[in-house]
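What follows is a set of notes on a single structure, which appears directly below.
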Amino acid sequence: MSISVTKRSEDYAKWYTDVVLKAEMAEYGPVKGTMIIRPYGYAIWERIRDIADNFFKETGHVNAYFPMFIPESYMKREAEHVEGFAPECAIVTIGGGKPLEEPLYIRPTSETIIWASYKKWIRSYRDLPILINQWANIVRWEMRTRLFLRTTEFLWQEGHTAHATAAEAEEEAMRILEIYRQISEDYLAMPVLVGRKTESQKFAGAVHTYAIEAMMGDKKALQAGTSHYLGQNFAKAFDVTFLNKSNQLEYVYATSWGVSTRLIGGLIMAHGDDKGLILPPRVAPYQVVIVPIWKSDAEKSQINELVSKLTAGLKSEQIRFHYDHREQETPGWKFNQYEMKGVPIRLEVGPKDVAKNQVVLVRRDPTNDESAGRKQFIPADNAPAIIKNMLEEIQTNLFQRAHDFRDKNTLNAENYDQFKELIEAGSFIRVFWAGNGADEARIQEETKATIRVIPFEQKEKGTCFYTGKPADQIVIFARAY
RNA sequence: CGGGGCGUAGCGCAGCCCGGUUAGCGCGCUUGGUUCGGGACCAAGAGGCCGGAGGUUCAAAUCCUCUCGCCCCGACCA
């Protein structure tokens with residue numbers, strides 16, 4: 001294990017991989033494109049999972065679990081869906097040593113198997129809505145993989161809801177999108193653009209796809225979560241009807257939505273620096289790490305005494321902490337290690353601190369007042385309260401910095417030449433747009449940039465930068481992960 | 001699937017062009033001691049059929065052929 005990571009400015013992709021490996025978040029699995037999520041990385045996922053799960057429960061959703069094997073015939077029911085997913089599916093053809101009568105798809109997403117159940121569950125408008133979420137792993141056979149960002153197997157949650165009206169389903173899709181925005185911005189401190197995807201970018205089988213889109217440290221875009229209004233597409237494919245209040249048979253309206261372990265990749269790239277990870281306090285496995293410094297046994301017991309007072313205070317403030325009293329590592333080694341792991345606040349407790357009843361505090365996040373990485377001395381008795389506030393400050397600071405970075409790197413283009421220049425410099429580009437799918441494909445071909453999102457907030461009208469036609473919407477173009 | 005790289009100790013690498021007896025280095029690991037406020041030091045150890053198969057040769061980590069795997073860059077995608 002070398003002692004540092006590749007600099008972000010030297011090779012961003014390498015930096016990213018170095019951080020994932022050296023912060024002990026994940027490592028490569030034996031099969032190409034697979035990933036072993038190590039305890040530290042998994043702890044972050046657990047934070048995200050708990051936060052999301054709470055939001056879902058608060059809005060009336062329940063969890064369930066559907067099988068990972070999907071009969072081939074199910075996959076093929078919805079034409080657009082199978083066309084979109086078939087190329088990236090893994091399929092089981094042998095079971096118990098014998099060829100199977102019907103091949104089994106390993107779920108790339110669970111719409112089909114879930115809607116086969118919904119058909120059995122839904123008779124009347126009184127059975128609606130159904131608001132189910134599942135936490136699961138899924139498999140998509142990607143050609144090009146990267147730890148957390150795109151792996152062959154990944155963890156996610158997928159919500160699948162059934163509604164009596166289009167309006168209600170649309171509302172649901174939007175409600176979830178707003179939850180995703182909050183998770184991303186309020187917890188991961190990762191600012192996102194909220195809006196709709198273009199036809200070419202939408203989910204296979206959806207009527208429309210909504211998404212949150214974030215900017216990474218290299219100014220590329222990351223789709224961080226999607227919420228789909230599926231209309232009656234899956235209800236028709238699986239013949240799921242209900243009797244409405246006027247006793248008429250009608251197809252059910254649907255949504256589906258998901259966020260995945262990709263969020264962890266986003267987290268890394270939104271905040272990390274050349275020393276490694278920087279975690280927002282709200283998702284950090286531990287928000288505070290305490291490193292003792294001692295020489296003699298006498299010092300050791302004094303320090304332990306101070307630390308136990310300290311940790312009692314942290315507990316009562318509900319601050320997650322880790323006391324690293326291992327003696328085989330030196331304090332300096334630990335400092336670097338926890339900076340790599342992005343722990344928001346480090347406390348040092350040594351003999352000098354015992355004498356003054358104080359602790360040394362160092363925060364991980366970059367700050368404008370140059371306190372970043374600088375040691376502050378705080379009274380031990382007030383430490384929990386001070387830390388409590390500082391964690392909030394760190395959370396806000398990280399969001400603000402990421403937000404400023406994105407704004408600074410979001411530029412307008414009036415025409416295609418200007419667009420090409422700006423995209424080379426790497427940034428989000430706001431443009432008036434009146435083009436079609438073919439125009440979008442051509443632009444992608446020529447510049448590698450795609451329409452990331454059509455923001456909901458639309459005020460102005462103008463002239464399309466590409467076609468020159470009058471345009472009533474602004475879209476965001478960028479190169480994406 | 002196209003282009004590039006890499007497989008030698010747990011990890012990172014050297015050795016390979018120019019074949020030659022016991023295959024090296026750094027980190028990590030073990031034991032003992034000294035250390036500990038920014039990646040400690042000393043001493044003694046453990047650890048490898050050089051990715052796999054075949055060939056050339058008196059002799060192969062090294063040369064040739066085939067093969068497997070992984071990583072990176074491009075076309076598909078959360």
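Here is how names work: the chains are called A, B, and so on, in the same order as the sequence lines, proteins then strands, and each is numbered from 1. In what follows, every heavy atom counts, from backbone to side chain, and hydrogens, waters and symmetry copies are set aside.
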What nucleic acid atoms does [X] come within less than 4.0 Å of, heavy atoms only: base, sugar-phosphate, or nothing?
X: A/E339; result: base
X: A/A13; result: sugar-phosphate
X: A/K295; result: base
X: A/V31; result: sugar-phosphate
X: A/K448; result: sugar-phosphate
X: A/T151; result: base
X: A/V259; result: nothing
X: A/L149; result: base
X: A/W156; result: nothing

Quiz item: Any N or O donor-acceptor pair linking the side chain of A/R140 to the base of B/C77 at under 3.5 Å?
Solution: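 In this structure, the two groups form no donor-acceptor pair.
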
Quiz item: Which listed nucleotide (B/C36, B/C72, B/G38) is nearest to the side chain of A/K375?
Solution: B/G38

Quiz prompt | Proximity to the side chain of A/N336 - top-ranked nucleotide from B/C77, B/G37, B/G38 | solution = B/G38

Quiz prompt | Closest contact, heavy atoms only, A/D353 versus A/G350 | solution = OD2-N, 2.7 Å

Who does [N] pair with, Watson-Crick or G-U, both distances under 3.5 Å?
N: B/A46; answer: none
N: B/C70; answer: B/G5
N: B/C27; answer: B/G10

Self-check item: Side-chain donor-acceptor contact under 3.5 Å, A/E170 with A/H163
Solution: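 The criterion, which ignores hydrogens and geometry beyond distance, is not satisfied for A/H163 and A/E170.
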
Quiz item: Using 4.0 Å as the upper bound for N to carboxylate O, is an ion pair formed by A/E445 and A/R442?
Solution: no

Quiz item: Would you say the side-chain atoms of A/E10 pair up with the backbone N or O of A/T6, donor to acceptor, closer than 3.5 Å?
Solution: no

